[in-house]
Amino acid sequence: MPNPILYNKKFDELNEEEKKLLEINKKSIADFVEQSSSISDVNYATRNAHAKTYAVAKGTFWVDPNIPEFLKPFFDREKFDLLIRLSNAQLKITNSKRDIPVYGFAVQIRDENNHLLSNYPLANFPLFPVNSVSTFLKLFTAINLSYIKKWSSLFSIIAQIIKVIPSVCTGSFIRNALKLFRKRNDFILSFDYHSVGAYRLGDYMMKIKLSPRSVNKNMDKRQNMKKALKNYFQRNDFTADVLIQLCYDLKDQPINKLNVEWKNSPYIKIGEVKIEKNSLLDPRDCSNELLSFNPFESKAIFHPVGKIQKLREGAYKVSVQTRRKINTLLHGKKSEL
């Protein structure tokens, strides 16, 4: 293999039009969060695209002893402590019995002194439907406004969705969409989970895949997800392989083209995630619903890479800041873990 391409901040840079659209979008996010407790079926402010938490657990990342020599400086210990959230990503939190199977497996990695190293919000779908920053911002803003003003932005939403159609007509996207449809009723822990966009690994750029081992996809299909996960972890441990791909060639491993899979970059196993049975945290603890897995709170050498990823940084900041302000007024909650 050739040498990996090194990170450059130019991968993240927005042009002037995109910066202006981002400011408009941030205003719509703040407005959404301010009204989110009435939009969602909860009595606290939520982020837009807030994770509906199913379970939170403690886990361990065990480093593979056979990782390549050039990766060993990033994994200088045998194991790392993890905090893991299993969730469903939604703009609006509802008490529906059945959710769309868009699941999250968010991982927080800490050092021996309990200091945050990195956050990785992984998803059970490896691709993102929009490559154009301006189209994404216009669509996201219109969706936020539609919740606030009762679908007043319907025509704007339709116009932006039409622009997205070519991006979802790639072979990669169609193949993964059909795969997700076939697995729509499968147990949440039986899915592979992906970083979607790229992340830094020092000066390298990588994508992450978490692949569970030997999980029954038909586990407790008739129960709601929270009960199914509780039952699973009362009887089972969970193990998943952690694999990464590195960027060697921007044609085959594009940073700012998120609707196609990377090719010609072999997976490298770097370790395993393990959750022991009876490791779930108390579901009645409201602080679990306030957990943050913001990848931009990670150390800089583990930050997300790319223009679409960069948008998340601004969105996270305004969303969390507004949410903290509203929750302090509503419930006196001054911090978000």
Side-chain angles (χ1 to χ4, degrees), residues 7 47 51 53-68 70-87 89 103-124 126 188-189 191-213 229 233 237-247 267-276 279-281 287-306 309 312-313 316 320 335-337:
Y7 168 74
R47 296 184 298 273
T53 301
Y54 293 138
V56 177
K58 291 184 177 181
T60 305
F61 173 60
W62 291 89
V63 177
D64 191 300
N66 298 314
I67 61 171
F70 72 97
L71 294 179
K72 288 184 178 179
F74 303 107
F75 308 101
D76 56 355
R77 295 167 52 205
E78 181 183 31
K79 63 179 181 177
F80 294 83
D81 293 330
L82 306 178
L83 188 64
I84 295 165
R85 180 185 65 197
L86 293 157
S87 63
Y103 299 133
F105 191 112
V107 179
Q108 186 173 99
I109 306 176
R110 293 185 171 271
D111 65 17
E112 66 273 18
N113 297 315
N114 200 35
H115 295 147
L116 176 65
L117 291 175
S118 53
N119 285 320
Y120 297 108
L122 309 179
N124 68 330
I188 186 172
L189 290 177
F191 287 86
D192 289 339
Y193 287 87
H194 310 265
S195 59
V196 184
Y199 283 76
R200 291 183 63 184
L201 183 61
D203 287 331
Y204 304 127
M205 296 180 288
M206 66 172 179
K207 280 192 174 184
I208 305 167
K209 178 180 177 181
L210 187 144
S211 186
R213 291 190 199 165
L229 284 166
F233 282 114
D237 297 333
F238 171 81
T239 302
D241 292 331
V242 182
L243 311 165
I244 65 169
Q245 291 175 290
L246 296 177
C247 178
Y267 282 105
I268 303 169
K269 181 179 176 181
I270 60 171
E272 300 173 353
V273 166
K274 292 192 175 182
I275 305 174
E276 296 182 352
S279 292
L280 291 187
L281 301 182
S287 65
N288 288 338
E289 194 61 58
L290 300 176
L291 289 170
S292 172
F293 290 82
N294 181 351
F296 290 96
E297 292 175 354
S298 307
K299 290 184 177 296
I301 61 170
F302 302 122
H303 272 193
V305 180
Q309 296 270 66
R312 296 168 63 186
E313 182 176 20
Y316 268 113
V320 170
S335 64
E336 182 167 357
L337 298 175

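- Listed here is the closest heavy atom pair of Gln309 and Pro304: NE2-CB, 3.5 Å.
- Atom-to-atom distance recorded for Lys209:NZ and Gln245:CD is 8.0 Å, nearest 0.5 angstrom.
- The CD1 atom of Ile244 lies 5.0 Å from the CD1 atom of Ile268; values are rounded to the nearest 0.5 Å.
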Phe74 and Val63: CA distance, side-chain angles, deciding distance, side-chain contact (heavy atoms from CB on, under 4.5 Å) verdict: CA-CA 10 Å; Phe74 303 107; Val63 177; over 6 Å; no
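- The stretch residues 111-120 participates, sequence neighbours left out, in these side chain to side chain donor-acceptor pair (under 3.5 Å) pairs: Arg77-Glu112, Gln108-Asn119.
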The test is side-chain contact (heavy atoms from CB on, under 4.5 Å); show your working for Glu78 and Trp62 and say whether it passes. CA-CA 6 Å; Glu78 181 183 31; Trp62 291 89; 3.8 Å; yes
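- Take Tyr204 and apply the ring pair (Phe, Tyr, Trp, His ring centres under 6.0 Å) test, not counting sequence neighbours, and it matches Phe70.
- Here Asp241 pairs with Arg213, Lys269 under the salt bridge (charged side-chain N to carboxylate O under 4.0 Å, His left out) rule; sequence neighbours left out.
- Annotation: ring pair (Phe, Tyr, Trp, His ring centres under 6.0 Å) contacts of Phe80 (sequence neighbours excluded): none.
- In this structure, CZ on Phe302 lies 13.0 Å from OH on Tyr199, to the nearest 0.5 angstrom.
- Considering CD1 of Ile84 and NZ of Lys58, their distance stands at 12.0 Å, rounded to 0.5 Å.
- Considering only residues two or more places apart in sequence or on other chains, Glu313 meets the salt bridge (charged side-chain N to carboxylate O under 4.0 Å, His left out) condition with Lys310, Lys317.
- Across all non-hydrogen atoms, the minimal contact from Ser298 to His303 is O-NE2, 3.0 Å.
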What do the steps show when you test Ile208 against Ile270 for side-chain contact (heavy atoms from CB on, under 4.5 Å), and what is the final call? CA-CA 10 Å; Ile208 305 167; Ile270 60 171; over 6 Å; no
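- In this structure, the salt bridge (charged side-chain N to carboxylate O under 4.0 Å, His left out) partners of Arg200, at least two apart in sequence or on a different chain, are Asp203.
- How far CZ of Phe105 is from CG of Leu86: 5.5 Å, rounded to the nearest 0.5 Å.
- Applying the side-chain contact (heavy atoms from CB on, under 4.5 Å) rule to Ala57 yields the partners Ile275, Leu280; only residues at least two apart in sequence or on another chain are considered.
- Residues satisfying the ring pair (Phe, Tyr, Trp, His ring centres under 6.0 Å) test with His194, not counting sequence neighbours, are none.
- Contacts of Lys72 classified as salt bridge (charged side-chain N to carboxylate O under 4.0 Å, His left out), with partners at least two apart in sequence or in another chain: Glu69.
- When all heavy atoms of Pro295 and Arg312 are compared, the pair lying nearest together is CG-NH2, 3.9 Å.
- Formation of a donor-acceptor pair under 3.5 Å by the Glu272 side chain with backbone atoms of Thr239 is not found in this model.
- Once rounded to the nearest 0.5 Å, the distance linking CG of Leu210 with CZ of Phe61 reads 9.5 Å.
- Scored by the side chain to side chain donor-acceptor pair (under 3.5 Å) test, Ser211 finds Asp192 as partners (sequence neighbours excluded).
- For Glu276, the side-chain contact (heavy atoms from CB on, under 4.5 Å) partners two or more places apart in sequence, or in a different chain, are Asp237, Ser279.
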After noting the C-alpha distance and the side-chain angles of Leu189 and Phe233, does the key distance pass the side-chain contact (heavy atoms from CB on, under 4.5 Å) rule? CA-CA 11 Å; Leu189 290 177; Phe233 282 114; 3.7 Å; yes
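- Across Leu82 and Thr60, no two heavy atoms sit closer than the pair CD1-C, 3.6 Å.
- Under the 3.5 Å distance criterion, the side-chain polar atoms of Thr53 are left unmatched by any main-chain donor or acceptor of Ala55.
- Of the candidates Val242, Val107, Ile188, Ile188 is the only one forming a side-chain contact (heavy atoms from CB on, under 4.5 Å) with Tyr193.
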